[in-house]
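These numbers come from the heavy atoms of this one structure, side chains and all, not from hydrogens, waters or symmetry mates. Order of the sequence lines sets the chain letters (A, B, ...), proteins ahead of strands, with each chain counted from 1.
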Amino acid sequence: MKRHARELAVTGALAVLLLALAIFAPGFYQPQPLLALATREAPVLLVACGMTVVMIARQIDISVGSLFSVCSVGAGLLAAGNCPFALVVAAAIAMGAVGGALNGLLVAVLGLPAIVVTLATMVALRQGLNLVRQGRFVDLPEGLQWFGLGQTTGMVLLVGFALATVVGLALGLRHLAAGRHVYALGSDAEAARLAGIRPRLVTWLVFVFAGALTGLAAMLNVVQSPQVQPLAGLGLELKVIAAVVVGGVAVSGGRGTPWGTLSGLMLLACIAPALTHLRIEAHWEKAIQGAIILVAVLGDGLRRRRRAG
Amino acid sequence: MPSHRQRPAAFLLSHEMLLLYVVIAEWIFFYLAGTGVNRRGVVIGFGTLDRQFDVLRHSCEIGLLALALTPVILTAGIDLSVGSLLGLCAVMFGVFWHDAGLPLVVAALLTLGVGALGGGLNATLIAGLRLPPLIVTLGTYSLYRGLAEAITRGSVTYTDFPPAFLFLGQERWLGLPTQAWVFLGFATVLWLLIHRTTLGRSCRAIGFAPEGACFAGLPVGRHLATFYVIAGSISAVAALVYTARLGQAKADAGNGYELFAITAVVLGGTSIFGGTGSVTGTLLGVAAIAILKNGLACLPAVMRLNAAEEMAGLMTGALLLLALTAGAVSRIWASFRRPPAAGVQPSPSPPA
Amino acid sequence: MPAPLLELRQITKSFGGARALRGVDFDLRAGEIHALLGENGAGKSTLIKVITGAHAADAGTLALEGAPLRHHQPASAHAAGIACIYQQPALFPDLTVAENIALRLESGSPWRRVDWRDRHAQASRWLTRLGAHIDPGTEAGELSMPEQQLVEIACALGAGARVLLMDEPTASLTPREQEKLFSLIRDLRQTGVGIIYISHRLEEIFALADRVTVLRDGASVGTRSISDVTESELIRMMVGRDLTSAPAPAEARPGGAVLVLRGVGCSATGVRDVSLELRAGEVFGVAGLVGAGRTELARVLFGLTPADAGEILLDGREVSIRSPRQAMALGLAYVPEDRRRHGAILELPVSHNLTLASHARVFPRGWLRPQAERELARRFITQLSVRCSSPEETTGALSGGNQQKIALARWLATCPRVLLLDEPTQGVDVGAKSEIHGLIRDLTRQGIAVLLISSDLSEILALSDRIGVMRGGTLPAILPGRSTAAEVMAAALGQEEKRAP
């Protein structure tokens, strides 16, 4: 399976890491901390799913972190105002979709580079949120945390939901014609146009989709604690992009799967606890993350070069 | 596009001049709204000379990064890592001077070397291996900041720098804040480089048409590498200025500065698609942002909502979006209005 | 008589200043194979793209079974049952063969489910019918050029189209694959499909087509039934007048060999075993059809895609040309085919473009010298009579001919010894064309060796001292300057072996 070489390589690296942990730090394998880790990463996984689709379509969205914060705080405020739960969820998704739609509009219609557009919306959203909220936490009503269920049940539910999203997205990208359109657009926009795909519409929808998933992810974040932290999404975009790139989504578009993103995220998520368990200082996390991104891009470039030469 | 002999009207409406009007208007607004007299009858706020020098001091580091980014963006590239590299260089300067006990000058020179190396890594990956600058510098953005955190273990702050060094960031020389001279020096050098040398000419050609530049026999890879290394080195200079101004160096130095720098460059009329732009524009862009940031802090408490920093960030982001949109809309508008070249118009065909 | 399957009336299309189609009429009946023939640049590819909706026509009408097609787009063409095999395969390199075929074959709701097992089976079926041994799970980017061509054909055949366009489908196929393809095409004709078939291989057209339409200079010269025409008649229709070379080359007195190629090849671009001698003060014309490897040869010589076989000698010494800079240092200059993307940087002012290749010569220390630059620009603007308001004018604002002169002048400013010209007068108006021709003659008088690549046969014949004809990446024939258009065309089409005893 040459086609999924990258996914296999990442899964292999993950297996090596887990094996090393099993030998040198068996303390890593305890159900409760592992479940807590998975729960923490569940919202990240949802955002990463959105980013996967965006990057397969050869775009990028670095405003997801800010959007995540805005949706979290917005949902929290609605819940604090005693809105019904379903309405809160719908509002979070809608807020995310609107943010994505704005980015998509600027990118697809005006032809602006996604990186700069989303850089600007990232800052505008973050600072706008700070301006309005002044860094205040939102206190949530009783019964919202873990959906009013027990903590363990709630955690399992969250992780299950995130994994189900990965499975659903993977199936959709593979088995729906729309999924193939995204790959086609990212692989060659002109060929896609000739094949009867509307590049601008698909580009816009991809941003809307990623925004909506970000809103949903914010919801998964909100139900985890009794308060909403306004800086929840700080630096999220980098973590997500790193996971997606490491998981084998090509920056040049057209390739990658949610499965790869899942293993990429698991690899990155295990680094921090692995560092502590292997008694390496945790301050190296960011540097290691950066190095992993560079290695992944390097691998991509070498593969392309081999094909061209 | 900077045409060389414009008609007066076109010159007065050029991007640089429009931006100059904005800067002047901003200044006047904050001068009127942000200046006051305290109970003892002393003038305070935006109108004081100290404040004006503060504006200048604050704009130097971001200004240096914006200068570093101008040639890079002119080649249609981008460097997101300059802010992180600033942080790494600041920390390394602390390490060289404090931990290794090197003389100040040696430590500063070594810091410049670190900056050049950081730029060199970007250059190798982008110019040498032809990887996309966006994702490469996103990686180094994380890597350099991470290294700075790892070196300081996330907590060490280097302080107690000698007065000879702090002079660079906190004192005046010949009537101006010292770092302003550094900034002006680099602005002059980059202006000469971009507008008066073949290297600057080449970077425009590469930005407009990388393939066309290659067909004209320009060493595209070598030129690209040069610009990324220059960007890294200037980040190191900015790190020294930053450290001298605050009197301390820690891992979060220059966090988020890359955004302000990119905004200043794009606001200054440099096209993110490469080719068009000028150092003068970048300087005006830096001025617009610096005055906004400082001016908001001087507004009376009611107007500034107690959140000058956030307000400035929000408005910077909005300003960038506005500048981008205006550029795109005018481009689309121009393509609609451009009179078709001879022979393009469909000839009225006789009915068959 | 029923309406024809596809009918085009007075189609015109221009690009910039150049008119690619000037009022073309064309009709296709159901169940016929209609060949489209013409020299390079006659407008065949543009016509195809108008039919598939990739280009919008400036004027004229298209009708499918009598119903006019309005707002013709790739998507609507697809829906109307028009499929096309482009000359350059338009496959998605990151998708598998089966995915490529499925994407191109299906329209309908984007939310419908795609059954990949079925698609795989379908893809294998079509590929097997073509005699191609390609695994549908392979990524298209990993395939060789002929394999991509086969996939492209499978896409078009599988589309179940009513109108099928084929732009040189056999360019890179083996004879066995060709035979399979032909029998498939004949099967399709039986089922009432209308096929537009473009090829430069006359024997294919005689073997396959029912009717043939010849295009010349963006207009239709005529439509004939295949049984009523002969090969030489078709060649004459394509070429127009029976051109022979102008008297100009008679005064040429070429000097010694400057550039010698011995068995030069470049596997990446398909140039193979090219041997020729270029003498000082001569024009060596290179003729051939699109895809014959002419531009690729020039790129090898200029170091853009370095040679990996054979040897290149300059003044008798073997040289290695690995990059444009090395080529420039050796005194080579290349005016590329694609003026807008490679030849001149349109956003830059005229004077900047003129000095772009000679920075080291004009600005010896790296500092710009506006005065020197302006003087140099003025000199070339006068010498080449470039029509522009000032040296500071943006190059893109000039007409095509003047842009081409700038692209030429840029390289003259480097004082080259060998000048490689690739389509120097493509898309240029008549006046500028004759000026450029005069300039080329002047240059040879100064002892510059010129390699002239052109699809315009009359240009090759008028200027060349000798004519090399390329075919399939090789240079099989070098004809004297005084050849006829028909002789060159015949060599380019691969007919000369038959004529030889």
Considering only heavy atoms and a distance below 4.5 Å, find which of Leu129(A), Leu125(A), Leu110(A), Ile293(A) pairs most often with chain B. Leu110(A)
Please classify the contact of Val295(A) with chain B as side chain, backbone, both or neither, using a heavy-atom distance under 4.5 Å. neither
Using a 6.0 Å cut-off, check whether atom CZ of Arg136(A) has over 12 heavy atoms from anything other than its own residue. yes
Engaged part of Leu80(B) at the chain A interface, taking heavy atoms whose separation is under 4.5 Å: side chain
Please round to the nearest 0.5 Å and tell me the distance separating atom CD1 of Ile62(A) and atom CG of Leu134(B). 7.5 Å
Side-chain contact, heavy-atom cut-off 4.5 Å: Ile115(A) with Ile78(B)? no
Heavy atoms from other residues, nucleotides or ligands near CZ of Arg133(A) exceed 12 (cutoff 6.0 Å): yes
Please name the pair of heavy atoms, one in Phe273(B) and one in Leu112(A), separated by the smallest distance, quoted to 0.1 Å. CZ-CA, 4.3 Å
Let me check something: any side-chain donor-acceptor pairs from residues 116-124 of chain B under 3.5 Å, sequence neighbours excluded? List them with distances.
from: Asn122(B); atom 1: OD1; to: Thr140(B); atom 2: OG1; distance (Å): 3.0
from: Asn122(B); atom 1: ND2; to: Ser81(B); atom 2: OG; distance (Å): 3.0
from: Thr124(B); atom 1: OG1; to: Gly120(B); atom 2: O; distance (Å): 2.6

Most heavy-atom pairs under 4.5 angstrom with chain A, which of Leu324(B), Thr325(B), Leu320(B)? Leu324(B)
Relative to chain B, which segment of Ile292(A) carries a heavy atom at a distance below 4.5 Å: side chain, backbone, both, or neither? neither
Is Leu321(B) in contact with chain A via its backbone, its side chain, both, or neither, using a 4.5 Å heavy-atom distance? both
Check whether His283(A) reaches the backbone of Ala150(B) with its side chain - one donor and one acceptor, N or O, closer than 3.5 Å. no
I'd like to know if the side chain of Ser142(B) reaches the main chain of Gln289(A), judged simply by a donor and an acceptor atom lying under 3.5 Å from each other, with no hydrogens or angles considered. no
Shortest non-hydrogen contact between Leu314(B) and Gln127(A), atoms and distance: N-CB, 3.4 Å
Check each atom of Leu106(A) against the heavy atoms of chain B and say whether the ones under 4.5 Å are side chain, backbone, both or neither. side chain
Under a 4.5 Å heavy-atom cut-off, does chain A meet the side chain of Leu147(B), its backbone, both or neither? both
Quick one: of Ala287(A), Pro113(A), Gly235(A), Ala120(A), who has the most non-hydrogen atom pairs under 4.5 Å with chain B? Ala287(A)
Below 4.5 Å, heavy atoms only, C-beta onward: do Tyr141(B) and Leu238(A) meet side chain to side chain? yes
Quick check on side chain to side chain contact (heavy atoms under 4.5 Å, CB included): which of Leu131(B), Leu143(B), Leu138(B), Ile135(B) does Leu294(A) satisfy it with? Leu143(B)
To the nearest 0.5 Å, atom CG of Leu298(A) lies from atom CG of Leu129(B) at 6.0 Å
Leu125(B) side chain reached by Val297(A) side chain, heavy atoms, under 4.5 Å: no
Residues which pass side-chain hydrogen bond (donor to acceptor under 3.5 Å, both in side chains) with Lys239(A), listed by chain and number, not counting sequence neighbours: Glu41(A)
Which atom of Ala318(B) lies closest to which atom of Ala124(A), heavy atoms considered: N-CB, 4.5 Å
Would you say CE of Met122(A) has more than 12 non-hydrogen atoms from neighbouring residues, nucleotides or ligands within 6.0 angstrom? yes
